[in-house]
Amino acid sequence: MAQFDDSLKAALYRITCPDSAALGHYHLGLLPDAAATPIAEHLAICPHCTQEIAQLEAFLVETAVSHQPSISERIKVWIAKRLPTGGQPQAGWSSPTFAVRGGDTGPLMYEAGDAQLSLEVQDDPEHPGRKSILGLVLGIDTANVAARLLQADKEGTAVPLSPGGNFAFTNLAVGPYQLIITGPDIEIHLPELTIA
Amino acid sequence: MSHQNELGLLPLRTLYDRCHRESERFFAQQDNDPRFCYELFRRAFVHGNQLAWDCLYQQYHKLVLSWVTRHTLYPGLGEEADYFMNRAFEKMWQGIPAENFEKFPDLKSLLRYLQMCTHAVMVDFARWKEQAHLWDRARQLEPDDELYDPFATIMDPDMRPERTVARQEMQQILWQRLNDLCNNENERLAIHGYFVLDLKPRQIYELYSGHFADVHDVSRTKDNFLARLRRNDEFKEFLEDA
C-alpha cells in the first residue's frame, strides 16, 4: 500500500510543472500573454516552481554581466568600399573583396563613411620580389590615427598616419591581407585585400 | 548604413578577434565595445552560421563554466561542470529561433538568456534526481512487488534528463487517467497536492483554504480516492498494460 502511494508519487511528481526553460522564458518576460498566464497561475500554487524562480533570480543577480554602453560604442566602424574612377561607389558591390597587383594599376580609391582612402601597390625597390603599399587617408582628423596590416592570424605592425594622412607598408609578401585604420573615434576596415 | 550593419560585413575571424579583445577589456573593467560579440550572436542565430556558433562557444565556455560552479545547486548534483556547460549552450541554441532574435536587443540580454539556460539545465538535472530518488524510495519498500509500479520498465536509472520525453508522455497519460477517475474538484485538488506537488495534507489544506473542512478532510479525501482506485479493475488493467 505504501509502495502504491510512493510509486504514484514518483510517477506523477511535478507532472503539471512547466519545464525549466518555460519558467526561465516567463521570468525574462519572453512569453506572450497566452503562454505567461497559465504559468503565473501555476506559480500561485506550486512551491517548487516558485523556489526555482527565486533561485533563478538570485543566480542572475550573482552572475550579472553588466554590459553598459561604454564610450567605445560611440566609435564609428566603417567598412571601406571601392570607388571606380570618378569617385562614386560601384553599384552592386556586395563584398569589398578585390585584388591589387603592383605596377599594373593606378591608385585604388575607397570610401568609408566620411573618409576617402587611396592605396597604391608597388614593387618594393629595396626588397626584390616583395611589394609595398602607399596609402593616403583624407576626410578625417588624422591625429592619433594608425594603419594596421594583418595577414591571416598574424598581428601586423601598426604605422602612424602622417599629419597629411599618409602611411606606408614595405617588404610585403603577396597574399591576402586586412587593412584596419584606427583612431580615437573611428575604425575603418578593409577586410579582404589581396596583393597579387 | 547603421554601424551594426557595417559590422555585418566584417570577416568572421576579425569579429571573433574583436569580440575576444573587447571581452578581455570588459573583464578588466576597461572601456569596451560589445557590438562585435553581439554580431557573432546575430550571425549564429539569424543566419544559422555554425562557425559563428563555434566562435561563441570558444569565447564564452569558460564564463559559463564559472556560472555553473557558482550555482547553489551545483555542489549537490554530482555531475561534472562541463556537462552542464554543454547542455546550457544546447538549450540556448534550441531556444532562440531566427525570428525571435529581435527580442534580444543587445549583448547583455543574450548573456542573460545564456545564464537562464545554465540555470535551467541544472534545474532539469535536480528535478530528475528528485524523481529518481522517489522511485528508489518506492522500490525499497517492497522491492519484489512490481504490481503497482506501472512505469518500472521505462524508469531507466541511467536515462539522462534530456532523454525523458517518452517517459513524460506516459506520465501524462497516467495523470489524465487519474483525473478522469476523480469524482469532484476536492479529490482533484487533494491528489494534485499530494502526488504531483508532494505536499503534506496540512500544506494542501492551507493552499486550498475554503475547499476542505480541516486537515483530516484532506487526508480522508485522498485516502478515499486511493481506496476506490485500488478497487478499480480498469485502472488495474491500465497499469498492467503500461
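- Contact detail for Pro191(A) and Leu9(B): the closest heavy-atom pair is CG-O, 4.2 Å.
- Under a cut-off of 6.0 angstrom, the local environment of CZ in Arg21(B) is crowded, with over 12 non-hydrogen atoms contributed by other residues, nucleotides or ligands.
- Here Leu10(B) contributes atom CG and Gln178(A) contributes atom CD; the two are 8.0 Å apart, rounded to the nearest 0.5 Å.
- For the atom pair CG (Asp136(B)) and CG (Asp6(A)), the distance works out to 11.5 Å, reported to the nearest 0.5 Å.
- More than 12 heavy atoms of other residues, nucleotides or ligands sit less than 6.0 Å from atom CD of Glu185(B).
- Between the CD1 atom in Ile191(B) and the NZ atom in Lys9(A) there is a gap of 13.0 Å [rounded to 0.5 Å].
- Contacts between Phe59(A) and chain B at a heavy-atom distance below 4.5 Å involve the side chain alone, from C-beta outward.
- In this structure, the side chains of Glu62(A) and Thr72(B) stay at 4.5 Å or more apart for every pair of heavy atoms.
- Taking a 6.0 Å sphere around CG of Asn171(A), one finds it holds more than 12 heavy atoms contributed by other residues, nucleotides or ligands.
- Atom OG1 of Thr63(A) is separated from atom NE2 of His119(B) by 10.5 Å, given to the nearest 0.5 angstrom.
- Under a cut-off of 6.0 angstrom, the local environment of CG in Asn232(B) is crowded, with over 12 non-hydrogen atoms contributed by other residues, nucleotides or ligands.
- With a threshold of 4.5 angstrom between heavy atoms, Leu150(A) does not approach chain B through any atom at all.
- For Tyr208(B), the part lying under 4.5 angstrom from a heavy atom of chain A is the side chain only.
- Comparing Cys49(A), Ala10(A), Gly24(A) by how many heavy-atom pairs each has under 4.5 Å with chain B, the most go to Ala10(A).
- Heavy atoms closer than 4.5 Å to chain A are found nowhere in Phe27(B), neither backbone nor side chain.
- A heavy-atom distance below 4.5 Å is found between the side chains of Arg127(B) and Glu52(A).
- Between Ile15(A) and Phe195(B), every side-chain heavy-atom pair lies at or beyond the 4.5 Å cut-off.
- Interface remark: Leu28(A) contributes side-chain atoms only to the contact with chain B (heavy atom separation under 4.5 Å).
- The distance from the CG atom of Leu60(A) to the OH atom of Tyr113(B) is 12.5 Å, given to the nearest 0.5 Å.
- Looking at Leu178(B) and Leu8(A), their side chains come closer than 4.5 Å, going by heavy atoms from C-beta outward.
- For the residue pair Thr14(B) / His189(A), no side-chain donor-acceptor distance below 3.5 Å is found, with atom types taken as modelled.
- For the pair Pro47(A)/Leu199(B), a side-chain contact is recorded, criterion being any heavy-atom separation below 4.5 Å from C-beta on.
- Heavy-atom pairs under 4.5 Å with chain A peak, among Met122(B), His133(B), Arg112(B), Lys91(B), at Arg112(B).
- Contact check for Val121(B) versus Ser20(A): no side-chain heavy atoms found under the 4.5 Å cut-off.
- Per-residue counts of heavy-atom pairs under 4.5 Å with chain A were compared for Val123(B), Leu134(B), Val196(B), Leu207(B); the largest is that of Val196(B).
- In this structure, the portion of Glu187(A) lying under 4.5 Å from any heavy atom of chain B is its side chain and not its backbone.
- Looking only at side-chain heavy atoms (C-beta outward), Arg14(A) and Glu130(B) come within less than 4.5 Å of each other.
- Neither the backbone nor the side chain of Ala58(A) comes within contact range of chain B, judged by heavy atoms closer than 4.5 Å.
- Rounded to the nearest 0.5 Å, atoms CG (Leu12(A)) and CG (Asp198(B)) are 11.0 Å apart.
- Counted within 6.0 Å of NZ on Lys103(B), heavy atoms from surrounding residues, nucleotides or ligands total more than 12; the atom is thus considered enclosed.
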